[in-house]
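All values below come from the heavy atoms of this structure, side chains included, with hydrogens, waters and symmetry mates left out. To find a chain, count down the sequence lines: A is the first, B the second, and so on, and within it residues start at 1. For clarity, every value in this text was computed on a predicted model and none was experimentally measured.
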Protein chains: 2
Amino acid sequence: MTWQNASEGKDAVATIRVESRDRTLPAFRAVARVLERRILAGELPVGESLPSELSLADHFGVSRSTVREAIRVLEQRGLIRREKGRNRLRITAPQAKEISAQMKTAFLLQETTFEQLWEVLSAIEPACAATAALKATEPDLKLIEDNIRRSEAAIDDVSALVELDIEFHNLLAAATGNNALQMSRETVGELFYPAFAKVMARLNAGERLLLAHRKIYEAISSGNEREARLWMDRHIGDFQRGCDLANLDFRSPISGAMPVANHG
Amino acid sequence: MTWQNASEGKDAVATIRVESRDRTLPAFRAVARVLERRILAGELPVGESLPSELSLADHFGVSRSTVREAIRVLEQRGLIRREKGRNRLRITAPQAKEISAQMKTAFLLQETTFEQLWEVLSAIEPACAATAALKATEPDLKLIEDNIRRSEAAIDDVSALVELDIEFHNLLAAATGNNALQMSRETVGELFYPAFAKVMARLNAGERLLLAHRKIYEAISSGNEREARLWMDRHIGDFQRGCDLANLDFRSPISGAMPVANHG
DNA sequence: TCTCCATAATTGTCAGACAAAAAGTTGACC
DNA sequence: GGTCAACTTTTTGTCTGACAATTATGGAGA
(Lines give C-alpha, C1' and ligand atoms only; values in the text may rest on other atoms or scores of the structure.)
Protein backbone atom coordinates (compact mmCIF):
# COMPACT_ATOMS: atom_id res chain seq x y z
CA MET A 1 0.00 0.00 0.00
CA THR A 2 1.55 3.24 -1.12
CA TRP A 3 1.03 6.36 0.92
CA GLN A 4 3.14 8.72 -1.11
CA ASN A 5 1.29 8.74 -4.40
CA ALA A 6 -2.27 9.20 -3.47
CA SER A 7 -3.69 8.95 -6.95
CA GLU A 8 -4.28 5.21 -6.80
CA GLY A 9 -5.35 4.81 -3.20
CA LYS A 10 -9.00 4.66 -4.12
CA ASP A 11 -9.96 1.68 -2.01
CA ALA A 12 -9.33 3.35 1.29
CA VAL A 13 -11.00 6.50 0.09
CA ALA A 14 -14.05 4.51 -0.80
CA THR A 15 -14.07 2.87 2.60
CA ILE A 16 -13.99 6.18 4.38
CA ARG A 17 -16.60 7.60 2.12
CA VAL A 18 -19.00 4.77 2.61
CA GLU A 19 -18.65 4.83 6.36
CA SER A 20 -18.77 8.56 6.78
CA ARG A 21 -21.53 9.27 4.32
CA ASP A 22 -23.66 6.85 6.26
CA ARG A 23 -23.43 9.54 8.90
CA THR A 24 -23.05 6.80 11.44
CA LEU A 25 -19.48 7.84 11.81
CA PRO A 26 -17.68 11.15 11.34
CA ALA A 27 -14.86 10.98 8.83
CA PHE A 28 -12.14 11.54 11.39
CA ARG A 29 -13.38 8.54 13.33
CA ALA A 30 -13.49 6.43 10.22
CA VAL A 31 -9.90 7.37 9.44
CA ALA A 32 -8.84 6.65 13.00
CA ARG A 33 -10.58 3.31 12.89
CA VAL A 34 -8.94 2.25 9.64
CA LEU A 35 -5.52 3.29 10.88
CA GLU A 36 -6.07 1.49 14.16
CA ARG A 37 -7.06 -1.68 12.34
CA ARG A 38 -3.95 -1.51 10.21
CA ILE A 39 -1.77 -1.05 13.24
CA LEU A 40 -3.40 -3.88 15.14
CA ALA A 41 -3.18 -6.08 12.08
CA GLY A 42 0.53 -5.35 11.86
CA GLU A 43 0.30 -3.70 8.44
CA LEU A 44 1.74 -0.62 10.08
CA PRO A 45 4.31 -2.21 12.33
CA VAL A 46 5.20 -0.86 15.70
CA GLY A 47 8.37 1.20 15.45
CA GLU A 48 7.69 2.45 11.93
CA SER A 49 6.82 6.07 11.41
CA LEU A 50 3.47 7.23 10.18
CA PRO A 51 3.24 8.94 6.78
CA SER A 52 2.88 12.70 6.73
CA GLU A 53 -0.49 14.25 7.40
CA LEU A 54 -0.72 15.39 3.84
CA SER A 55 -0.14 11.98 2.32
CA LEU A 56 -2.64 10.47 4.72
CA ALA A 57 -5.16 13.11 3.75
CA ASP A 58 -4.55 12.37 0.09
CA HIS A 59 -4.71 8.67 0.65
CA PHE A 60 -8.01 8.76 2.50
CA GLY A 61 -9.46 11.52 0.39
CA VAL A 62 -10.12 13.80 3.32
CA SER A 63 -8.71 17.13 4.40
CA ARG A 64 -5.69 17.58 6.57
CA SER A 65 -7.78 18.84 9.51
CA THR A 66 -9.71 15.60 9.46
CA VAL A 67 -6.52 13.58 9.46
CA ARG A 68 -5.20 15.62 12.33
CA GLU A 69 -8.27 14.90 14.41
CA ALA A 70 -7.88 11.23 13.68
CA ILE A 71 -4.27 11.42 14.73
CA ARG A 72 -5.22 13.00 18.05
CA VAL A 73 -7.51 10.05 18.67
CA LEU A 74 -4.83 7.48 17.92
CA GLU A 75 -2.27 9.40 19.90
CA GLN A 76 -4.47 9.41 22.95
CA ARG A 77 -5.09 5.72 22.47
CA GLY A 78 -1.37 5.22 22.77
CA LEU A 79 -1.01 3.77 19.29
CA ILE A 80 1.06 6.66 18.04
CA ARG A 81 3.61 8.81 19.74
CA ARG A 82 5.77 11.73 18.78
CA GLU A 83 9.17 11.80 20.32
CA LYS A 84 10.48 15.12 21.53
CA GLY A 85 12.64 16.83 18.96
CA ARG A 86 11.43 14.40 16.32
CA ASN A 87 8.99 15.49 13.72
CA ARG A 88 7.55 12.18 12.70
CA LEU A 89 4.94 10.20 14.49
CA ARG A 90 6.02 6.75 15.52
CA ILE A 91 3.71 3.80 15.80
CA THR A 92 3.83 2.31 19.27
CA ALA A 93 2.13 -0.18 21.54
CA PRO A 94 0.18 1.50 24.32
CA GLN A 95 2.24 1.61 27.47
CA ALA A 96 1.24 1.08 31.06
CA LYS A 97 1.89 4.75 31.75
CA GLU A 98 -0.79 6.03 29.46
CA ILE A 99 -3.37 3.57 30.60
CA SER A 100 -2.41 4.32 34.12
CA ALA A 101 -2.94 8.03 33.53
CA GLN A 102 -6.41 7.39 32.22
CA MET A 103 -7.32 5.11 35.10
CA LYS A 104 -6.12 7.72 37.54
CA THR A 105 -8.53 10.32 36.29
CA ALA A 106 -11.25 7.72 36.35
CA PHE A 107 -10.56 6.83 39.95
CA LEU A 108 -10.37 10.45 40.97
CA LEU A 109 -13.62 11.44 39.31
CA GLN A 110 -15.46 8.40 40.55
CA GLU A 111 -14.62 9.15 44.15
CA THR A 112 -12.85 5.87 44.61
CA THR A 113 -12.02 5.21 48.25
CA PHE A 114 -8.85 3.94 49.83
CA GLU A 115 -10.71 0.87 50.88
CA GLN A 116 -11.59 0.06 47.29
CA LEU A 117 -8.03 0.43 46.12
CA TRP A 118 -6.91 -1.64 49.06
CA GLU A 119 -9.25 -4.42 48.06
CA VAL A 120 -7.66 -4.53 44.64
CA LEU A 121 -4.14 -4.51 45.99
CA SER A 122 -4.81 -7.12 48.62
CA ALA A 123 -5.87 -9.40 45.80
CA ILE A 124 -3.13 -8.62 43.31
CA GLU A 125 -0.01 -7.98 45.35
CA PRO A 126 0.19 -11.37 47.02
CA ALA A 127 -0.26 -13.00 43.63
CA CYS A 128 2.54 -10.80 42.31
CA ALA A 129 4.84 -11.83 45.10
CA ALA A 130 4.05 -15.50 44.56
CA THR A 131 4.63 -15.32 40.84
CA ALA A 132 7.78 -13.32 41.34
CA ALA A 133 9.08 -16.06 43.60
CA LEU A 134 8.71 -18.45 40.70
CA LYS A 135 9.98 -16.26 37.92
CA ALA A 136 12.34 -13.59 39.20
CA THR A 137 15.71 -13.51 37.45
CA GLU A 138 19.05 -12.43 38.85
CA PRO A 139 18.80 -8.86 37.56
CA ASP A 140 15.31 -8.59 39.07
CA LEU A 141 16.66 -9.68 42.43
CA LYS A 142 19.55 -7.25 42.22
CA LEU A 143 17.15 -4.38 41.66
CA ILE A 144 14.98 -5.37 44.59
CA GLU A 145 18.01 -5.80 46.81
CA ASP A 146 19.19 -2.35 45.85
CA ASN A 147 15.78 -0.92 46.59
CA ILE A 148 15.85 -2.41 50.07
CA ARG A 149 19.31 -1.04 50.68
CA ARG A 150 18.18 2.43 49.72
CA SER A 151 15.12 2.06 51.91
CA GLU A 152 17.34 1.24 54.86
CA ALA A 153 19.27 4.41 54.22
CA ALA A 154 16.09 6.47 53.97
CA ILE A 155 14.41 4.96 56.99
CA ASP A 156 13.79 8.36 58.54
CA ASP A 157 12.75 10.21 55.42
CA VAL A 158 9.06 9.50 55.07
CA SER A 159 8.52 10.86 51.57
CA ALA A 160 11.56 9.06 50.22
CA LEU A 161 10.37 5.89 51.87
CA VAL A 162 7.01 6.16 50.19
CA GLU A 163 8.69 6.54 46.81
CA LEU A 164 10.80 3.52 47.54
CA ASP A 165 7.81 1.53 48.68
CA ILE A 166 6.05 2.21 45.39
CA GLU A 167 9.22 1.26 43.58
CA PHE A 168 9.52 -1.94 45.58
CA HIS A 169 6.09 -3.10 44.56
CA ASN A 170 6.66 -2.08 40.96
CA LEU A 171 9.86 -4.08 40.92
CA LEU A 172 8.04 -7.13 42.18
CA ALA A 173 5.47 -6.75 39.45
CA ALA A 174 8.20 -6.39 36.88
CA ALA A 175 9.87 -9.52 38.21
CA THR A 176 6.78 -11.57 37.37
CA GLY A 177 7.45 -10.92 33.71
CA ASN A 178 3.72 -10.48 33.38
CA ASN A 179 2.67 -7.32 31.60
CA ALA A 180 -1.00 -7.81 32.35
CA LEU A 181 -0.29 -8.09 36.03
CA GLN A 182 1.86 -4.99 35.93
CA MET A 183 -0.71 -2.91 34.14
CA SER A 184 -3.48 -4.08 36.39
CA ARG A 185 -1.78 -2.95 39.54
CA GLU A 186 0.38 0.01 38.60
CA THR A 187 -2.26 2.71 38.76
CA VAL A 188 -3.84 1.39 41.88
CA GLY A 189 -0.49 1.26 43.60
CA GLU A 190 0.47 4.73 42.51
CA LEU A 191 -2.71 6.16 43.93
CA PHE A 192 -2.67 4.06 47.04
CA TYR A 193 0.78 4.05 48.48
CA PRO A 194 1.30 7.81 48.75
CA ALA A 195 -1.73 7.97 50.97
CA PHE A 196 0.13 5.94 53.54
CA ALA A 197 2.85 8.44 53.94
CA LYS A 198 0.61 9.82 56.64
CA VAL A 199 0.14 6.47 58.23
CA MET A 200 3.82 5.75 58.33
CA ALA A 201 4.66 9.22 59.51
CA ARG A 202 2.26 8.95 62.41
CA LEU A 203 3.08 5.43 63.43
CA ASN A 204 6.77 5.48 62.74
CA ALA A 205 6.16 2.27 60.90
CA GLY A 206 9.23 2.38 58.68
CA GLU A 207 10.92 -0.51 60.42
CA ARG A 208 7.88 -2.69 60.10
CA LEU A 209 7.60 -1.88 56.40
CA LEU A 210 11.24 -2.67 55.88
CA LEU A 211 10.95 -5.97 57.70
CA ALA A 212 8.14 -7.04 55.40
CA HIS A 213 10.10 -6.00 52.33
CA ARG A 214 13.10 -7.98 53.54
CA LYS A 215 11.06 -11.08 54.23
CA ILE A 216 9.39 -10.86 50.85
CA TYR A 217 12.73 -10.45 49.16
CA GLU A 218 14.15 -13.47 50.95
CA ALA A 219 11.18 -15.59 49.99
CA ILE A 220 11.41 -14.54 46.37
CA SER A 221 15.13 -15.02 46.09
CA SER A 222 14.82 -18.52 47.52
CA GLY A 223 11.90 -19.29 45.25
CA ASN A 224 9.51 -19.81 48.13
CA GLU A 225 6.17 -18.98 46.60
CA ARG A 226 4.10 -19.66 49.69
CA GLU A 227 6.25 -17.56 51.97
CA ALA A 228 6.30 -14.67 49.51
CA ARG A 229 2.54 -14.66 49.35
CA LEU A 230 2.22 -14.91 53.09
CA TRP A 231 4.44 -11.97 53.86
CA MET A 232 2.85 -9.85 51.20
CA ASP A 233 -0.52 -10.63 52.71
CA ARG A 234 0.73 -9.39 56.06
CA HIS A 235 2.37 -6.37 54.48
CA ILE A 236 -0.85 -5.31 52.79
CA GLY A 237 -2.78 -6.09 55.92
CA ASP A 238 -0.48 -3.77 57.82
CA PHE A 239 -1.68 -0.90 55.72
CA GLN A 240 -5.22 -1.44 56.80
CA ARG A 241 -4.32 -1.80 60.45
CA GLY A 242 -2.07 1.22 60.22
CA CYS A 243 -4.94 3.21 58.84
CA ASP A 244 -7.11 2.23 61.78
CA LEU A 245 -4.39 2.99 64.28
CA ALA A 246 -3.62 6.34 62.73
CA ASN A 247 -7.32 7.05 62.83
CA LEU A 248 -7.52 7.78 59.13
CA ASP A 249 -10.80 7.18 57.39
CA PHE A 250 -10.34 4.15 55.24
CA ARG A 251 -13.58 4.89 53.45
CA SER A 252 -12.86 8.41 52.30
CA PRO A 253 -12.24 9.13 48.64
CA ILE A 254 -8.72 9.62 47.38
CA SER A 255 -9.39 13.10 46.05
CA GLY A 256 -6.89 14.93 48.24
CA ALA A 257 -3.53 16.24 47.12
CA MET A 258 -3.25 14.04 44.09
CA PRO A 259 -0.84 15.07 41.35
CA VAL A 260 -2.61 16.33 38.27
CA ALA A 261 -2.39 13.92 35.36
CA ASN A 262 -0.34 15.16 32.48
CA HIS A 263 -0.83 14.87 28.77
CA GLY A 264 2.01 12.92 27.22
CA MET B 1 -15.98 32.06 34.48
CA THR B 2 -17.96 33.15 31.45
CA TRP B 3 -17.61 31.20 28.23
CA GLN B 4 -20.18 33.00 26.15
CA ASN B 5 -18.75 36.48 25.95
CA ALA B 6 -15.18 36.00 25.05
CA SER B 7 -14.09 39.59 25.27
CA GLU B 8 -13.04 39.42 28.92
CA GLY B 9 -11.57 35.92 29.06
CA LYS B 10 -8.05 37.22 28.92
CA ASP B 11 -6.59 35.17 31.76
CA ALA B 12 -7.02 31.84 30.08
CA VAL B 13 -5.80 33.24 26.82
CA ALA B 14 -2.68 34.42 28.53
CA THR B 15 -2.15 31.01 30.08
CA ILE B 16 -2.38 29.27 26.77
CA ARG B 17 -0.17 31.81 25.12
CA VAL B 18 2.55 31.52 27.69
CA GLU B 19 2.54 27.77 27.56
CA SER B 20 2.33 27.42 23.82
CA ARG B 21 4.70 30.19 22.89
CA ASP B 22 7.28 28.52 25.04
CA ARG B 23 7.06 25.87 22.36
CA THR B 24 7.16 23.28 25.08
CA LEU B 25 3.56 22.53 24.35
CA PRO B 26 1.38 22.86 21.26
CA ALA B 27 -1.66 25.06 21.80
CA PHE B 28 -4.14 22.22 21.46
CA ARG B 29 -2.39 20.35 24.25
CA ALA B 30 -2.37 23.43 26.43
CA VAL B 31 -6.10 23.85 25.89
CA ALA B 32 -6.71 20.18 26.62
CA ARG B 33 -4.66 20.42 29.76
CA VAL B 34 -6.48 23.46 31.08
CA LEU B 35 -9.85 21.89 30.37
CA GLU B 36 -8.78 18.65 32.00
CA ARG B 37 -7.64 20.49 35.11
CA ARG B 38 -10.94 22.31 35.33
CA ILE B 39 -12.87 19.10 34.99
CA LEU B 40 -10.78 17.30 37.58
CA ALA B 41 -11.06 20.28 39.90
CA GLY B 42 -14.82 20.14 39.56
CA GLU B 43 -15.08 23.59 38.00
CA LEU B 44 -16.68 21.89 35.04
CA PRO B 45 -18.85 19.37 36.82
CA VAL B 46 -19.55 15.95 35.45
CA GLY B 47 -22.92 15.93 33.75
CA GLU B 48 -22.74 19.52 32.55
CA SER B 49 -22.30 20.21 28.88
CA LEU B 50 -19.23 21.76 27.40
CA PRO B 51 -19.53 25.20 25.77
CA SER B 52 -19.58 25.32 21.99
CA GLU B 53 -16.36 25.02 20.07
CA LEU B 54 -16.58 28.62 19.01
CA SER B 55 -16.94 30.01 22.50
CA LEU B 56 -14.08 27.84 23.70
CA ALA B 57 -11.96 29.11 20.83
CA ASP B 58 -12.84 32.69 21.73
CA HIS B 59 -12.22 32.08 25.38
CA PHE B 60 -8.81 30.57 24.90
CA GLY B 61 -7.86 32.87 22.06
CA VAL B 62 -7.21 30.05 19.62
CA SER B 63 -8.86 28.89 16.46
CA ARG B 64 -11.67 26.41 16.26
CA SER B 65 -9.44 23.77 14.70
CA THR B 66 -7.19 23.95 17.71
CA VAL B 67 -10.12 23.58 20.06
CA ARG B 68 -11.34 20.62 18.07
CA GLU B 69 -8.01 18.86 18.42
CA ALA B 70 -8.09 19.50 22.14
CA ILE B 71 -11.59 18.08 22.28
CA ARG B 72 -10.47 14.90 20.53
CA VAL B 73 -7.83 14.48 23.22
CA LEU B 74 -10.29 14.90 26.07
CA GLU B 75 -12.83 12.71 24.36
CA GLN B 76 -10.36 9.90 24.06
CA ARG B 77 -9.40 10.36 27.67
CA GLY B 78 -13.00 9.69 28.53
CA LEU B 79 -13.55 13.10 30.11
CA ILE B 80 -16.00 14.20 27.47
CA ARG B 81 -18.61 12.31 25.54
CA ARG B 82 -21.12 13.12 22.87
CA GLU B 83 -24.39 11.31 23.07
CA LYS B 84 -25.89 10.22 19.82
CA GLY B 85 -28.62 12.54 18.68
CA ARG B 86 -27.34 15.24 20.98
CA ASN B 87 -25.26 18.04 19.67
CA ARG B 88 -23.49 19.09 22.79
CA LEU B 89 -20.57 17.45 24.45
CA ARG B 90 -21.19 16.24 27.95
CA ILE B 91 -18.58 16.12 30.64
CA THR B 92 -18.21 12.62 32.03
CA ALA B 93 -16.05 10.49 34.24
CA PRO B 94 -14.03 7.95 32.27
CA GLN B 95 -15.82 4.64 32.21
CA ALA B 96 -14.49 1.14 32.47
CA LYS B 97 -15.39 0.59 28.84
CA GLU B 98 -13.00 3.14 27.45
CA ILE B 99 -10.14 2.14 29.66
CA SER B 100 -10.89 -1.41 28.83
CA ALA B 101 -10.69 -0.64 25.10
CA GLN B 102 -7.28 0.91 25.56
CA MET B 103 -5.99 -1.95 27.63
CA LYS B 104 -7.21 -4.38 25.03
CA THR B 105 -5.09 -2.89 22.32
CA ALA B 106 -2.17 -2.83 24.72
CA PHE B 107 -2.56 -6.50 25.52
CA LEU B 108 -2.95 -7.41 21.88
CA LEU B 109 0.09 -5.50 20.72
CA GLN B 110 2.23 -6.70 23.57
CA GLU B 111 1.59 -10.32 22.78
CA THR B 112 0.09 -11.03 26.14
CA THR B 113 -0.48 -14.73 26.70
CA PHE B 114 -3.46 -16.56 28.11
CA GLU B 115 -1.35 -17.61 31.02
CA GLN B 116 -0.64 -14.01 31.92
CA LEU B 117 -4.28 -13.06 31.82
CA TRP B 118 -5.10 -16.14 33.82
CA GLU B 119 -2.65 -15.11 36.50
CA VAL B 120 -4.44 -11.81 36.86
CA LEU B 121 -7.86 -13.37 36.99
CA SER B 122 -6.88 -16.05 39.43
CA ALA B 123 -5.85 -13.26 41.76
CA ILE B 124 -8.78 -10.93 41.27
CA GLU B 125 -11.80 -13.13 40.71
CA PRO B 126 -11.70 -14.94 44.04
CA ALA B 127 -11.36 -11.60 45.78
CA CYS B 128 -14.36 -10.36 43.81
CA ALA B 129 -16.41 -13.34 44.86
CA ALA B 130 -15.44 -12.91 48.48
CA THR B 131 -16.24 -9.22 48.50
CA ALA B 132 -19.49 -9.83 46.68
CA ALA B 133 -20.48 -12.28 49.39
CA LEU B 134 -20.14 -9.46 51.89
CA LYS B 135 -21.69 -6.68 49.90
CA ALA B 136 -24.13 -7.99 47.31
CA THR B 137 -27.59 -6.44 47.51
CA GLU B 138 -30.90 -8.00 46.58
CA PRO B 139 -30.93 -6.55 43.05
CA ASP B 140 -27.40 -7.83 42.50
CA LEU B 141 -28.48 -11.31 43.53
CA LYS B 142 -31.51 -11.17 41.28
CA LEU B 143 -29.34 -10.34 38.31
CA ILE B 144 -26.94 -13.16 39.03
CA GLU B 145 -29.80 -15.60 39.54
CA ASP B 146 -31.25 -14.56 36.22
CA ASN B 147 -27.89 -15.02 34.56
CA ILE B 148 -27.66 -18.56 35.88
CA ARG B 149 -31.16 -19.33 34.68
CA ARG B 150 -30.31 -18.15 31.19
CA SER B 151 -27.10 -20.16 31.29
CA GLU B 152 -29.09 -23.27 32.11
CA ALA B 153 -31.26 -22.62 29.09
CA ALA B 154 -28.24 -22.09 26.86
CA ILE B 155 -26.28 -25.07 28.12
CA ASP B 156 -25.80 -26.43 24.61
CA ASP B 157 -25.04 -23.14 22.87
CA VAL B 158 -21.33 -22.61 23.35
CA SER B 159 -21.10 -19.04 22.14
CA ALA B 160 -24.10 -17.95 24.19
CA LEU B 161 -22.61 -19.67 27.19
CA VAL B 162 -19.38 -17.77 26.80
CA GLU B 163 -21.28 -14.49 26.67
CA LEU B 164 -23.17 -15.49 29.78
CA ASP B 165 -19.98 -16.52 31.54
CA ILE B 166 -18.48 -13.09 30.91
CA GLU B 167 -21.68 -11.54 32.12
CA PHE B 168 -21.66 -13.69 35.25
CA HIS B 169 -18.23 -12.52 36.24
CA ASN B 170 -19.07 -8.92 35.42
CA LEU B 171 -22.16 -9.14 37.61
CA LEU B 172 -20.07 -10.44 40.49
CA ALA B 173 -17.68 -7.54 40.08
CA ALA B 174 -20.59 -5.11 39.99
CA ALA B 175 -21.96 -6.68 43.15
CA THR B 176 -18.82 -5.76 45.05
CA GLY B 177 -19.75 -2.11 44.62
CA ASN B 178 -16.07 -1.54 43.98
CA ASN B 179 -15.34 0.42 40.84
CA ALA B 180 -11.63 -0.10 41.07
CA LEU B 181 -12.07 -3.83 41.23
CA GLN B 182 -14.42 -3.74 38.27
CA MET B 183 -12.09 -1.71 36.12
CA SER B 184 -9.12 -3.84 37.02
CA ARG B 185 -10.69 -7.03 35.87
CA GLU B 186 -13.09 -6.13 33.08
CA THR B 187 -10.63 -6.02 30.23
CA VAL B 188 -8.78 -9.08 31.31
CA GLY B 189 -12.00 -11.00 31.57
CA GLU B 190 -13.24 -9.84 28.21
CA LEU B 191 -10.08 -10.99 26.54
CA PHE B 192 -9.80 -14.17 28.50
CA TYR B 193 -13.17 -15.82 28.65
CA PRO B 194 -13.90 -15.95 24.93
CA ALA B 195 -10.77 -17.98 24.48
CA PHE B 196 -12.34 -20.73 26.49
CA ALA B 197 -15.20 -21.18 24.13
CA LYS B 198 -12.91 -23.67 22.50
CA VAL B 199 -12.11 -25.39 25.76
CA MET B 200 -15.72 -25.74 26.67
CA ALA B 201 -16.69 -26.82 23.22
CA ARG B 202 -14.11 -29.58 23.23
CA LEU B 203 -14.65 -30.76 26.76
CA ASN B 204 -18.37 -30.31 26.92
CA ALA B 205 -17.67 -28.56 30.17
CA GLY B 206 -20.86 -26.54 30.31
CA GLU B 207 -22.28 -28.50 33.22
CA ARG B 208 -19.14 -28.08 35.23
CA LEU B 209 -19.12 -24.33 34.59
CA LEU B 210 -22.72 -24.08 35.60
CA LEU B 211 -22.12 -26.01 38.79
CA ALA B 212 -19.39 -23.60 39.80
CA HIS B 213 -21.60 -20.63 39.02
CA ARG B 214 -24.40 -22.08 41.12
CA LYS B 215 -22.14 -22.78 44.07
CA ILE B 216 -20.67 -19.31 43.89
CA TYR B 217 -24.12 -17.81 43.76
CA GLU B 218 -25.25 -19.81 46.77
CA ALA B 219 -22.21 -18.75 48.75
CA ILE B 220 -22.72 -15.12 47.89
CA SER B 221 -26.42 -15.09 48.61
CA SER B 222 -25.80 -16.65 52.00
CA GLY B 223 -22.98 -14.23 52.71
CA ASN B 224 -20.39 -16.98 52.95
CA GLU B 225 -17.20 -15.20 52.00
CA ARG B 226 -14.91 -18.18 52.40
CA GLU B 227 -17.06 -20.51 50.34
CA ALA B 228 -17.45 -17.95 47.57
CA ARG B 229 -13.70 -17.54 47.33
CA LEU B 230 -13.15 -21.28 47.41
CA TRP B 231 -15.50 -22.05 44.55
CA MET B 232 -14.21 -19.22 42.48
CA ASP B 233 -10.70 -20.54 42.99
CA ARG B 234 -11.84 -23.89 41.69
CA HIS B 235 -13.73 -22.31 38.84
CA ILE B 236 -10.71 -20.38 37.67
CA GLY B 237 -8.53 -23.41 38.19
CA ASP B 238 -10.87 -25.35 35.93
CA PHE B 239 -9.97 -23.06 33.10
CA GLN B 240 -6.35 -23.92 33.38
CA ARG B 241 -7.00 -27.64 33.63
CA GLY B 242 -9.47 -27.40 30.75
CA CYS B 243 -6.81 -25.80 28.66
CA ASP B 244 -4.41 -28.62 29.38
CA LEU B 245 -7.01 -31.27 28.68
CA ALA B 246 -8.07 -29.63 25.45
CA ASN B 247 -4.43 -29.47 24.53
CA LEU B 248 -4.47 -25.74 23.97
CA ASP B 249 -1.29 -23.83 24.44
CA PHE B 250 -1.67 -21.84 27.59
CA ARG B 251 1.39 -19.82 26.71
CA SER B 252 0.39 -18.61 23.30
CA PRO B 253 -0.48 -14.95 22.77
CA ILE B 254 -4.12 -13.94 22.58
CA SER B 255 -3.79 -12.47 19.12
CA GLY B 256 -6.18 -14.87 17.41
CA ALA B 257 -9.72 -14.05 16.36
CA MET B 258 -10.09 -11.11 18.68
CA PRO B 259 -12.82 -8.61 17.93
CA VAL B 260 -11.41 -5.35 16.64
CA ALA B 261 -11.64 -2.61 19.19
CA ASN B 262 -14.05 0.14 18.25
CA HIS B 263 -13.84 3.85 18.73
CA GLY B 264 -16.63 5.01 21.06
C1' DT C 1 -50.40 25.19 27.37
C1' DC C 2 -48.88 22.50 23.52
C1' DT C 3 -47.41 21.80 18.62
C1' DC C 4 -45.05 23.04 14.64
C1' DC C 5 -42.06 25.90 11.90
C1' DA C 6 -38.71 29.55 10.77
C1' DT C 7 -34.45 31.07 12.42
C1' DA C 8 -30.20 30.82 14.85
C1' DA C 9 -26.45 28.10 16.63
C1' DT C 10 -23.46 24.26 16.31
C1' DT C 11 -21.00 20.50 14.32
C1' DG C 12 -18.30 18.13 10.67
C1' DT C 13 -15.76 19.05 6.88
C1' DC C 14 -13.10 21.43 3.50
C1' DA C 15 -9.55 24.61 1.08
C1' DG C 16 -5.94 27.48 1.40
C1' DA C 17 -2.54 30.16 3.89
C1' DC C 18 1.73 31.04 6.71
C1' DA C 19 5.57 30.80 10.21
C1' DA C 20 8.58 27.76 12.49
C1' DA C 21 10.86 23.50 12.96
C1' DA C 22 12.80 19.27 10.96
C1' DA C 23 14.61 16.76 7.19
C1' DG C 24 17.01 16.44 3.07
C1' DT C 25 20.51 18.33 -0.36
C1' DT C 26 24.21 20.55 -2.04
C1' DG C 27 28.71 22.09 -2.25
C1' DA C 28 32.86 23.98 -0.21
C1' DC C 29 36.57 22.57 2.38
C1' DC C 30 39.87 19.48 4.87
C1' DG D 1 36.38 10.28 0.86
C1' DG D 2 34.42 12.46 4.82
C1' DT D 3 32.59 16.69 7.39
C1' DC D 4 30.17 20.62 8.12
C1' DA D 5 27.55 24.69 6.92
C1' DA D 6 24.15 26.91 3.93
C1' DC D 7 20.21 26.31 1.29
C1' DT D 8 15.76 24.06 -0.13
C1' DT D 9 11.92 21.21 0.64
C1' DT D 10 8.74 18.91 3.87
C1' DT D 11 6.11 18.74 7.58
C1' DT D 12 3.87 20.41 11.52
C1' DG D 13 1.06 23.73 14.22
C1' DT D 14 -1.95 27.21 13.66
C1' DC D 15 -5.25 30.41 11.58
C1' DT D 16 -9.14 32.22 8.59
C1' DG D 17 -13.09 31.69 6.22
C1' DA D 18 -16.46 28.87 4.13
C1' DC D 19 -20.57 25.61 3.59
C1' DA D 20 -23.93 21.77 4.21
C1' DA D 21 -26.32 19.21 7.56
C1' DT D 22 -27.96 18.75 11.96
C1' DT D 23 -29.74 20.38 16.38
C1' DA D 24 -31.58 24.00 19.40
C1' DT D 25 -34.70 27.81 20.22
C1' DG D 26 -38.22 31.26 20.16
C1' DG D 27 -42.62 32.32 18.77
C1' DA D 28 -47.02 31.95 16.03
C1' DG D 29 -50.96 29.67 15.91
C1' DA D 30 -54.26 25.98 17.62
For [X] and [N], give me the distance from atom [atom1] to atom [atom2], rounded to whole Å.
{"X": "B:E83", "N": "D:dT23", "atom1": "CD", "atom2": "P", "result": "13 Å"}
{"X": "A:R72", "N": "D:dT14", "atom1": "CZ", "atom2": "P", "result": "9 Å"}
{"X": "A:F60", "N": "C:dT13", "atom1": "CZ", "atom2": "C1'", "result": "16 Å"}
{"X": "B:D58", "N": "D:dT16", "atom1": "CG", "atom2": "P", "result": "10 Å"}

Quick one: do [X] and [Y] make a salt bridge, cutoff under 4.0 Å?
{"X": "B:R33", "Y": "B:E36", "answer": "no"}
{"X": "B:E69", "Y": "B:R29", "answer": "no"}
{"X": "A:R150", "Y": "A:D146", "answer": "yes"}
{"X": "A:E190", "Y": "A:K104", "answer": "yes"}

field: With sequence neighbours excluded, residues passing salt bridge (charged side-chain N to carboxylate O under 4.0 Å, His left out) with A:R149
entry: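 A:E145.
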
query = Can you list the residues that meet the ring pair (Phe, Tyr, Trp, His ring centres under 6.0 Å) rule with B:F168, with sequence neighbours excluded?
reply =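 With neighbours one apart ignored, the set is B:H213.
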
- Would you tell me if any nitrogen or oxygen in the side chain of A:T66 comes within less than 4.0 Å of OP1 or OP2 on C:dG12?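 Negative; the distance criterion is not met.
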
message = Taking only side-chain N and O atoms of A:R86, does any of them lie within less than 4.0 angstrom of OP1 or OP2 on C:dA21?
response =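 False: A:R86 side-chain N/O out of range (4.0 Å or more) of C:dA21 OP1/OP2.
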
Pick out the pairs of N or O atoms, protein on one side and nucleotides 10-12 of chain D on the other, that lie under 3.5 Å.
residue	atom	partner	partner atom	Å
D:dT12	OP2	A:E53	N	2.9

Exercise for review: Would you mind classifying the nucleic acid contact of A:S65 as base, sugar-phosphate or nothing, using non-hydrogen atoms under 4.0 angstrom?
Suggested key: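 Counting heavy atoms under 4.0 Å across all strands, the contact made by A:S65 includes a base.
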
